[in-house]
> 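Pasting a structure below so you can have a look.
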Amino acid sequence: MHEVYRRFLPSGLRVEPPRRVSTWWRWRGTDVHVERIGDPAAPERAVVLHGAGGHAALMWPYAALAAARGIHVVVPDLPGYGRTRVADRSAIRYPDWVDMVCALTSAEREAHDGPLHLVGASMGGMLAYEAATRVGGVDRLIVTCLLDPRDVDARRTAARHPWLGAVAGPLLRLAAGPLAGAPVPLRWLTDMGAIANDPELVDVVLADRRGGGNRMPLGFFRSFFESAPAVEPEAATGPHVVLAHPAADRWTPAELSLRFFDRIAASKEYVPLEAAGHFPIESPGAERFAALLTPTR
């Protein structure tokens with residue numbers, strides 16, 4: 001699937017594919033699939049996080065570009081997606097994602113002396129924020145989205161139907177107990193049709209059984225909607241945050257991310273990706289996002 005996703009990038013951003021190695025990392029009884037892209041001895045390193053409906057192959061278009069520019073890129077498949085193997089899929093919850101990413105970030109910080117970046121796409125944006133503010137040791141945080149699940153307007157917008165977003169929390173709490181492990185397609189609850197502005201790319205994502213065509217337990221969605229960051233934005237004094245939000249995002253408009261971003265106390269910058277959709281493949285936004293994925297030294 002890697003090259004299927006990469007062909008949607010503007011031709012000028014399709015670099016010669018760098019070295020890509022599949023590795024496995026054992027974490028709490030889970031075999032986490034982690035792709036390592038580019039030179040492991042590169043002076044800078046980035047951990048790249050997908051969102052709901054993604055996996056390492058979906059992140060390949062930009063991961064390959066960053067690696068070609070001299071950054072060693074680390075892309076995990078979060079539990080429930082990609083090739084990561086979990087003992088009990090029905091037990092996956094959003095706090096598992098947070099704990100796993102925090103542990104991976106800590107491990108990469110220990111293994112690498114140079115600048116460490118966290119990059120989060122879509123739902124992975126808030127996940128990257130969580131890891132960066134909980135663990136420390138991250139030099140730069142780049143996110144395409146900062147969707148606070150406590151924001152009712154954010155839930156309405158992300159949901160497949162606005163009314164569903166408004167009542168998502170109470171409805172999903174009713175699914176506690178035996179129904180919490182029931183697998184549900186992401187498109188039943190969220191507006192997956194807006195994941196990209198290119199209809200062909202939307203079809204590819206929805207047909208991807210390791211990504212957007214996957215199912216996750218109801219309890220995972222409930223735990224996400226009930227989550228809150230360990231460090232509120234007003235207390236987040238580092239790292240430097242770049243919000244590179246697609247300006248033509250039909251799923252999660254920039255103003256929703258800016259509500260959270262504007263409250264962050266750390267140094268920050270807002271980089272709108274002009275003409276780009278939620279999956280930013282359109283020019284000139286795609287080129288502007290690519291410009292951020294370069295070594296800082």
Side-chain angles (χ1 to χ4, degrees), residues 1-23 33-40 42 44-78 81-84 117-125 128 142-145 186 192-214 244-246 248-251 271 273-295:
M1 291 296 295
H2 292 72
E3 292 306 311
V4 172
Y5 284 115
R6 198 167 73 102
R7 67 182 172 84
F8 287 97
L9 275 187
S11 58
L13 298 181
R14 293 181 220 151
V15 298
E16 183 68 23
R19 176 177 180 266
R20 172 168 54 87
V21 178
S22 284
T23 65
H33 176 244
V34 181
E35 290 194 350
R36 295 184 174 274
I37 304 158
D39 183 1
E44 302 197 18
R45 186 167 296 194
V47 177
V48 176
L49 305 174
H50 64 79
H55 58 115
L58 187 141
M59 305 308 296
W60 171 246
Y62 284 107
L65 189 61
R69 292 176 174 180
I71 298 175
H72 180 57
V73 182
V74 180
V75 191
D77 283 338
L78 298 170
Y81 288 97
R83 296 167 61 190
T84 287
H117 313 287
L118 272 184
V119 182
S122 189
M123 186 176 169
I142 303 173
V143 297
T144 67
C145 184
L186 188 60
M192 285 292 288
I195 197 169
N197 291 353
D198 182 330
E200 185 181 354
L201 179 53
V202 172
D203 290 342
V204 169
V205 173
L206 292 180
D208 187 346
R209 294 300 180 187
R210 287 179 171 167
N214 198 1
H245 203 294
D249 190 337
R250 296 187 295 109
W251 193 0
V271 180
L273 306 180
E274 298 92 340
H278 189 80
F279 194 136
I281 59 168
E282 295 85 4
S283 297
E287 286 82 2
R288 194 165 189 191
F289 185 57
L292 297 171
L293 304 178
T294 57

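Computed from a prediction, not measured in an experiment: that's the story for all the values here.
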> With side-chain contact (heavy atoms from CB on, under 4.5 Å) as the test, would you mind laying out the steps for Met59 and Tyr5 before giving the verdict?
CA-CA 8 Å; Met59 305 308 296; Tyr5 284 115; over 6 Å; no
> To the closest 0.5 Å, what do you measure between CG (Leu49) and CG (Leu118)?
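Between Leu49 CG and Leu118 CG, I get 6.0 Å after rounding to 0.5 Å.
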> Without hydrogens or angle criteria, can the side chains of His55 and Asp208 be said to hold a donor-acceptor pair below 3.5 Å?
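Note: His55 and Asp208 side chains meet the donor-acceptor criterion.
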> Hey, is the main chain of Pro40 close enough, under 3.5 Å, to the side chain of Arg45 for a donor-acceptor pair?
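Answer holds: yes.
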> Work out which heavy atom in Ser22 is nearest to a heavy atom in Arg83; give both atom names and the distance.
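That would be OG-NH1, 3.3 Å.
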> With the side chain counted from C-beta on, respond yes when Glu282 and Pro246 share a heavy-atom pair under 4.5 Å apart, and no when they do not.
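Not touching, per the 4.5 Å side-chain cut-off.
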> Between Glu200 and Arg7, is a salt bridge (Lys or Arg N to Asp or Glu O under 4.0 Å) present by the stated rule, with each step listed?
CA-CA 11 Å; Glu200 185 181 354; Arg7 67 182 172 84; 3.2 Å; yes
> Mind checking the CZ-CG spacing from Phe8 to Leu201? Nearest 0.5 Å is all I need.
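The distance works out to 5.0 Å.
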> For the pair Phe289 and Tyr62, name the ring-plane relationship: parallel under 30°, tilted 30 to 60°, perpendicular over 60°.
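Ring orientation of Phe289 relative to Tyr62: perpendicular.
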> For the atom pair CG (Leu13) and CD1 (Ile281), what is the distance rounded to the nearest 0.5 Å?
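Going from the CG atom of Leu13 to the CD1 atom of Ile281 covers 11.0 Å.
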> Donor-acceptor pair, distance only, cut-off 3.5 Å: does the side chain of Thr23 make one with the backbone of Val34?
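Flag set: sc Thr23 to bb Val34 pair under 3.5 Å.
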> How far apart are the C-alpha atoms of Arg20 and His2, what are their side-chain angles, what is the distance that settles it, and do they pass the side-chain contact (heavy atoms from CB on, under 4.5 Å) test?
CA-CA 11 Å; Arg20 172 168 54 87; His2 292 72; 3.4 Å; yes
> Within the 4.5 Å heavy-atom criterion, are Met1 and Val204 side-chain neighbours or not?
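In contact.
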> Minimum heavy-atom separation for Leu273 and Pro280, please, with both atom names.
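In terms of heavy atoms, the two residues are closest at CD1-CB, 4.0 Å.
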> For the residue pair Ala276 and Gly285, what are the closest heavy atoms and their distance?
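So the two residues come closest at CB-CA, 4.2 Å.
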> Can you see which heavy atom on Ala128 is nearest to which on Val143, and at what distance?
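Heavy-atom minimum between the residues: CB-CG1, 4.3 Å.
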> With distance as the sole test, does Arg6 use its side chain to make a donor-acceptor pair with the main-chain N or O of Val15 at under 3.5 Å?
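Indeed, once roles are kept as given, a pair shorter than 3.5 Å links the two residues.
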> Is Phe279 close to Leu58 at the side-chain level, that is, under 4.5 Å between some pair of heavy atoms?
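SC-SC contact between Leu58 and Phe279 confirmed.
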> Between His278 and Asp249, is any side-chain donor less than 3.5 angstrom from a side-chain acceptor?
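Indeed, the side chains of His278 and Asp249 share at least one donor-acceptor pair under 3.5 Å.
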> For Glu44 and Gly70, indicate whether the former's side chain and the latter's backbone hold a donor-acceptor pair under 3.5 Å.
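Side chain of Glu44 to backbone of Gly70: no pair is present.
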> Minimum heavy-atom separation for Leu293 and Val119, please, with both atom names.
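What the structure gives for the nearest pair is CD2-CG2, 4.4 Å.
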> Hey, mind stepping through Arg210 and His33 against side-chain contact (heavy atoms from CB on, under 4.5 Å) and telling me if it holds?
CA-CA 12 Å; Arg210 287 179 171 167; His33 176 244; over 6 Å; no
> Given 3.5 Å as the limit, does a donor-acceptor pair link the side chain of Arg69 with the main chain of Ala290, or not?
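Between the backbone of Ala290 and the side chain of Arg69 there is a qualifying donor-acceptor contact (under 3.5 Å).
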> Which atoms form the tightest heavy-atom contact between Ser283 and Pro10, and what is the distance?
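Heavy atoms of Ser283 and Pro10 come nearest at OG-CG, 3.5 Å.
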> So does Ile37 get a backbone contact from the side chain of Arg19, meaning a donor-acceptor N/O pair under 3.5 Å?
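Flag not set: sc Arg19 to bb Ile37 has no pair under 3.5 Å.
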> Could you tell me the separation between the SG atom of Cys145 and the CH2 atom of Trp251, rounded to the nearest 0.5 Å?
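The CH2 atom of Trp251 is 9.0 Å from SG of Cys145, to the nearest 0.5 Å.
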